[in-house]
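Okay, so here's the structure we're looking at.
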Amino acid sequence: MAKASKTSTTKGKAAPARAKAKPAVSNEDPNFALRSLQDALDKKKRYTASEEQLLHFYKQMLLIRRFEEKAGQLYGLGLIGGFCHLYIGQEAVAIGLQSALDSDVDSVITGYRDHGHMLAYGIDPNVIMAELTGRAAGISQGKGGSMHMFSTEHKFYGGHGIVGAQVSLGGGLAFAHQYNEDGGLCLAYFGDGAANQGQVYETMNMAALWKLPIVFVVENNQYAMGTAVSRSSAETEFYRRGTAFRIPGMKVNGMDVLEVRQAAEIAFKYVREGNGPVLMECNTYRYRGHSMSDPAKYRTREEVQGQREKNDPIERLKKELGSAGYDEDKLKEIDKGIRATVADAADFAESSPEPEPGELYTDVLVEEY
Amino acid sequence: MAIELKMPALSPTMEEGTLAKWLVKEGDTVAAGDVLAEIETDKATMEFESIDEGTVGKILVEEGAEEVKVGTVIAILAGEGEDVSAVSAPAAAEEAAPPAQAPAPEATQNAAAPAAKERADDPEIPAGTNMVKLTLREALRDGMAEEMRRDERVFVMGEEVAEYQGAYKVTQGLLDEFGPKRVIDTPITEYGFAGIGTGAAMGGLRPIVEFMTFNFAMQAIDHIINSAAKTNYMSGGQMRCPIVFRGPNGAASRVGAQHSQNYGPWYASVPGLIVIAPYDAQDAKGLLKAAIRTEDPVVFLENELIYGTSFEVAQLDDHVLPIGKARIMREGSDVTIVSYSIAVGIALEAADELAGQGIDAEVLDLRTLRPLDREAVLTSLAKTNRVVIAEEGWPTCSIASEVIAICMEEGFDHLDAPVLRVCNEDVPLPYAANLEKLALIDKERVVAACRKVCYAD
Ligand SMILES: Cc1ncc(C[n+]2csc(CCOP(=O)(O)OP(=O)(O)O)c2C)c(N)n1
Ligand SMILES: [Mg+2]
């Protein structure tokens, strides 16, 4: 087994020379037949956002960033325990996709790296932070913690700790949308590591067979814990992995919120028209360790700094806003406001009480027997 | 505003650490993401990154300082536009960790118990053998390494076992010694690699399949039970499956319901499997070696919370322990506490406390859950006439249930009191620190049960 190159990021494997000269996905790619949606995206890569939308995306992404930084601090102080997986670097994926949902009907499900997806709904940061500190005011009443947060009110179905499990559960949510004829779709997120679990493909087959309204989203942040994509995956182009089930794939720059949003528009339309599932690969990068206890020796500091400096989704949007006339001062004000919100959430999460001892026995079952 | 940089908790179990190295000095400006220091935790050396930007005002804890408690202020960062020299040290630099911190595992708290009675000698160790201190983690690694040196057919596979050196560092150093042919990183595909391991065993190899934790072995349980456990029987003894499935089992610290359960009773209910769940480093090593050598499939259940605990281990060449034999960890005459895995530590602490109350408890470590050493349970029962089972797991259909059945069926005449079980609460494990503590077995509950069967209250 060859050692993986430490510096490879967006491409795990040495890509064939042909692919280097052109965009990663080209129309001539003979190996990938199901590319109608990709073609649509290639025609127009980026969503045309209004100024108001741009600002909204920016605020939301910055909220996730600042929230996660604070969560990291609280973990360091021992106020958050167990596993805590931060979403820093990946903000554009959740915001780009979830901003395109029809929040009245659509559902979302993801794994344990879930704080950002919750915040993307506009859920009160206080109740998310209080869940992280395990307090009664937390969104799962302190019983779930970082990995297990849910909001049925928003049709956000969690928050799952078993790698890959959320994909088939997402298939089930899509099944329910179809069964109830509610017009909704399910957005099921999973990682590049999770993409190797067998149940993912069992679900893809059924979803395609039954034309379930689901968008499979691989958040390819290049690593599964300490394993670079090229060390775990024979096919590192995840968007192609639905080909065997005739599911169209899309390869999306997950560090650009406008490209993600554009891809969402295309994919959601296709699914809503009853065509069945879409598989979308969003290439992104996690800046922090896998969880708080990851010594992260599998990649170089330069690699991480390089992503931060050259590819940061928030900086990218900041430039966009700059051209739209937002000066540095205005943006600093926004940041200040968000920092205050997050500081308040931390105070709330630190000062609100732990669950009552009796809560230990509630919610095990719904009914009494 | 000056920012206090505190000693961070860098793992779920970390309470203190060594400030190995400062990578900045006073007066340096830092940006978010810059590495400030290297900190050694119970598992690894970690980089401590700055979250804020500013200027390093004062360094309060020198590099090289050991046993720095989580939460101690280690440096002060001056914010933008702030005068560094005006930044002064806070009054109390030695700040205790906040109370909401994860409860320390019972085993690490030194209860104000009377002087612990000498632990019972292990009959398997010749008197006068030289003893060395080893962590459970190291003992397991050594056990695997010795068997890999001895038998070319033995290999290890699992998630992060090779280049990352093990998610919990149990396979540390194995890749270096044995190379990638025999120490193999797998994708996150438990069902697949458990099947590949099982098939490789059928094909004549001796796989050690590591599950990052046994919670994830649920993805693979079909191969463990339907493929590994049953083929020898179904093939009339032709097709063997000498494989070891190993990894941490049971509750860890604050990782919530999906990552915290004890599968001992699950696997122990399956004919065709060997199930081992050791407590100390010596047993872990000797039994892991036995597990690798046996012709039968073994489920080997470890415990993350004690990976870092040091135990005395006999310096013996090739010390292989018998499977299926319990061990008396502490001799006593009034009550027998039957236990296994992490709960043995709790049982020993309870026994120490009971000694101060005039109750002399015997502690029996089952070590193997299947086949269970009925003989040892019944012999101890005949001696003390009272049994309590201490088990870190749910009570319903547990190993405790099984031990109670054995006592009823074969030891009834010796019983002076009903057999009691002390287990976790019958709920999924909650995340909140206070609820988690309430849900898990502890010394106090074991003491109370022992007093009850001794009619001491
Ligand atoms: C079935 C299962 N196996 C292993 C784990 C341990 N684990 C948790 S996250 C993770 C890595 C997942 O990587 P990826 O899918 O790429 O998601 P990312 O963490 O990068 O978001 C592993 C191995 C688990 N939780 N569940
Ligand atoms: Mg990943």
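Every chain is numbered from 1 and lettered A, B, ... according to where its sequence line falls, protein lines coming before strand lines. Worth saying up front: this structure is predicted, and the values here are computed from it rather than measured.
- Looking at A/Arg308 and B/Glu49, a side-chain N of the basic residue comes within less than 4.0 Å of a carboxylate O on the acidic one, giving a salt bridge.
- Note: A/His290 NE2 to B/Glu160 CD = 8.5 Å, rounded to the nearest 0.5 Å.
- Comparing A/Glu69, A/Lys70, A/Arg301, A/His160 by how many heavy-atom pairs each has under 4.5 Å with chain B, the most go to A/Arg301.
- Note that OH of B/Tyr164 is 9.0 Å distant from OG1 of A/Thr227, once rounded to the nearest 0.5 Å.
- Relative orientation of the B/His259 and A/His148 rings is tilted, given thresholds of 30° and 60° on the angle between their planes.
- The candidate from B/Glu47, B/Met46, B/Glu159 with the greatest count of non-hydrogen atom pairs under 4.5 Å with chain A is B/Met46.
- Residues A/Tyr361 and B/Val427 have side chains in contact (heavy-atom distance under 4.5 Å, counting atoms from C-beta outward).
- Considering CG of A/Leu77 and CE of B/Met7, their distance stands at 12.5 Å, rounded to 0.5 Å.
- Between B/Arg254 and A/Thr133, the closest heavy-atom pair is NH2-O, 4.2 Å.
- Of the atoms belonging to A/Asp363, not a single heavy atom falls under 4.5 Å from chain B.
- Within 6.0 Å of CD on B/Glu177 lie more than 12 heavy atoms contributed by other residues, nucleotides or ligands.
- Considering all non-hydrogen atoms of both residues, A/Pro357 and B/Leu438 come closest at CB-CD1, 3.7 Å.
- For B/Val255 against A/Gly82, the heavy-atom pair with the smallest separation is CG1-CA, 3.9 Å.
- Comparing A/Gly72, A/Ala165, A/Gly134 by heavy-atom pairs within less than 4.5 Å of chain B, the highest count is held by A/Gly134.
- A/Arg231 and B/Glu163 are joined by a salt bridge, as a carboxylate oxygen and a charged side-chain nitrogen come within less than 4.0 angstrom of each other.
- A donor-acceptor pair under 3.5 Å links the side-chain atoms of B/Asn434 to the main chain of A/Pro355, judged by distance alone.
- Each of A/Ala195, A/Gly289, A/Ser232, A/Ala296 has some count of heavy-atom pairs under 4.5 Å with chain B, and the biggest count is that of A/Ser232.
- Both the backbone and the side chain of A/Met225 come within contact range of chain B, judged by heavy atoms closer than 4.5 Å.
- A/Ser140 OG to B/Tyr431 OH: the interatomic distance, rounded to the nearest 0.5 Å, is 11.5 Å.
- Counting heavy-atom pairs closer than 4.5 Å to chain B, the top-ranked of the candidates A/Met147, A/Gln197, A/Lys143, A/Gln305 is A/Gln197.
- Within the 4.5 angstrom heavy-atom criterion, only side-chain atoms of A/Gln199, from C-beta onward, approach chain B.
- Proximity to chain A (any heavy atom under 4.5 Å) is shown, for B/Ala439, by both the backbone and the side chain.
- Per-residue heavy-atom pair counts under 4.5 Å with chain A were compared for B/Ile188, B/Thr186, B/Asn215, B/Leu10, and the maximum is reached by B/Ile188.
- For a residue to count as touching a neighbouring chain, one of its non-hydrogen atoms must lie under 4.5 Å from one of that chain's; by this rule A/Arg339 touches chain B with the side chain only.
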**Report entry** Step-by-step side-chain contact (heavy atoms from CB on, under 4.5 Å) determination, A/Ile162 to B/Phe216
**Finding:** CA-CA 7 Å; A/Ile162 300 303; B/Phe216 316 139; 3.8 Å; yes
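- Heavy atoms closer than 4.5 Å to chain B are found in both the backbone and the side chain of A/Ile80.
- In this structure, no portion of A/Leu365 lies under 4.5 Å from any heavy atom of chain B.
- Residues A/Glu354 and B/Ala433 approach most closely at OE2-CB, 3.8 Å, considering heavy atoms.
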